[in-house]
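Residue numbers begin at 1 in each chain, while the letters A, B, ... track the order of the sequences.
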2 protein chains.
Amino acid sequence: MTQDAFSKTLITTASDQVFVDMRREIVEGSIEQGSKISEPELAKRYGVSRATLREALNRLESCYLIERKANVGCRVVALTAERLIEVYQVRSALEGLACRLAADNMAADEVQSLKQLLNQHLQTQRVKEGESYYQEAGDLDFHYRIIKASKNEHLIHLLSNGLYQLIRMYRVQMGMVGPRVSKAFDEHLAIINAIENHDGELAELLMKRHISASQSNIQAKFDLIAAQKKAAQ
Amino acid sequence: MTQDAFSKTLITTASDQVFVDMRREIVEGSIEQGSKISEPELAKRYGVSRATLREALNRLESCYLIERKANVGCRVVALTAERLIEVYQVRSALEGLACRLAADNMAADEVQSLKQLLNQHLQTQRVKEGESYYQEAGDLDFHYRIIKASKNEHLIHLLSNGLYQLIRMYRVQMGMVGPRVSKAFDEHLAIINAIENHDGELAELLMKRHISASQSNIQAKFDLIAAQKKAAQ
DNA sequence: TAACCATGAATTGTCGACAATCTTAAAGAA
DNA sequence: TTCTTTAAGATTGTCGACAATTCATGGTTA
């Protein structure tokens, strides 16, 4: 029995392992977005039976990474601009709530610990200027900590087990680049300050704006791709 | 191939049927909340193999009606006061969002159709005074229509396939009674008016209050039960 | 040529049996 | 007695095979 790094899921069964492995491959793009999934093929690849694989597929479906149709099969989710809007609308509402609850509930030592995390980010950010992946993980960790601090188990599950992998997928494959990195850091700082002052209303507002900015950043990437396609014609 | 009445799910496979049947039994309390689930027993009862049953269990898990532990088994979710708070916090955020989007998007004829639905509710409410189930279904249908009108597919799925059965479970088993029925009607009316005026901000606020009132109503039932228990000691 | 229908191949859904794990209860030691 | 250990029983996890459905290919007909 081991533990997964990102979602802190306990890995006990074979299907757990396949689930975590496939999730990583889908999020990182090793298994291409929008591609069809063949059960016999993947079962052979992961060295498990179809029953075990299907168990994993079920769980991938419930975190929105694949889509199933009866008697037809599975597809990896496609990262479209439309879905980006939909998902981020939901994310904004839920993480906004989480942030407000965190501001209400968070103890002083928890806030200090979070501040310390942010300082770590500042260090590594200066070192790894431009490189996005570590910031990626760190940023998600920041959001993850706030979600946890909401102390609402249902919300925590909905976000960290449900929505977060899809968001990571957008961010890993559509990348966060350029000056956005340091701006995001400042926004994180402002959010922490609001939480420290137990100003739930402000914390919620700032988090929603922060998420909205992140959405615009990815949206710009979509626009860029669309423009390139048009130019190529 | 047939269709389910509540979530409009297409029923094509045997596991679909088991899923819908079990869902109804759990929501209505035929399968007791908090009770342990035996796979061999239920498989025999529904006349399917364990593989088919487990497929259904997976889907019940993703709509929060049962909880699984590896190598241990399933339990039906327990309706606690703590969970009520958590779920309704999430519900408030998501349906608030849905209501705002509906106010932004909804066309005039859609609004008219919704008003008509509300008039129907008024009729049946007068006839079936006190009886809560029909109002229950009607009320959920009202919320369902607004969720649909948000036109956000991800949000629609999250609410109608994910959260709504659990909310129904609370409402069916913890009941909505007394003067709450007619108050709820007035609140629905106010929400529709806000939507008709495309006042998203107000619509969201009113929906959140409406949901909060509904929560208090159920909470009161919990308090009542707790008081009765204390008196019995 | 285009539309429709059959036939076969491939894929998904379902089943019963076996292996691995947990639970329970009895037996033994401190 | 109380705690630990162990063995039996029951439950869940996993497997390979069969049945049902869908998809692709080629042939037939208007």
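A donor atom on one side chain and an acceptor atom on the other are not found under 3.5 Å apart for A/Ser150 and A/Arg100. Counting only N and O atoms by type, the side chains of A/Tyr164 and A/Glu95 include a donor and acceptor under 3.5 Å apart. Side-chain N/O atoms of A/Ser214 and A/Asn217 include no donor and acceptor closer than 3.5 Å.
Non-hydrogen atoms lying under 4.0 Å from DNA chain D are contributed by B/Glu39, B/Pro40, B/Arg50, B/Arg54, all within residues 38-62 of chain B.
Ranked by how close their nearest DNA chain D nucleotide is to the 5' end, A/Thr13 and A/Val72 are led by A/Thr13. Nearest-nucleotide assignment on DNA chain D puts the 5′-proximal partner with A/Asp16, out of A/Asp16 and A/Asn71.
Comment: B/Arg68 engages A/Glu55 in a salt bridge, judged by a side-chain N to carboxylate O separation of less than 4.0 angstrom.
Within the 4.0 Å cut-off from OP1 or OP2 of C/dT11, not a single side-chain nitrogen or oxygen of A/Arg68 is found. The side chain of B/Lys36 places no N or O atom within less than 4.0 Å of a non-bridging phosphate oxygen (OP1 or OP2) of D/dA10.
Shortest non-hydrogen contact noted between B/Leu84 and B/Tyr170 is N-OH, 3.1 Å.
Residues A/Leu42 and A/Arg50 fail the side-chain proximity criterion, which asks for heavy atoms closer than 4.5 Å.
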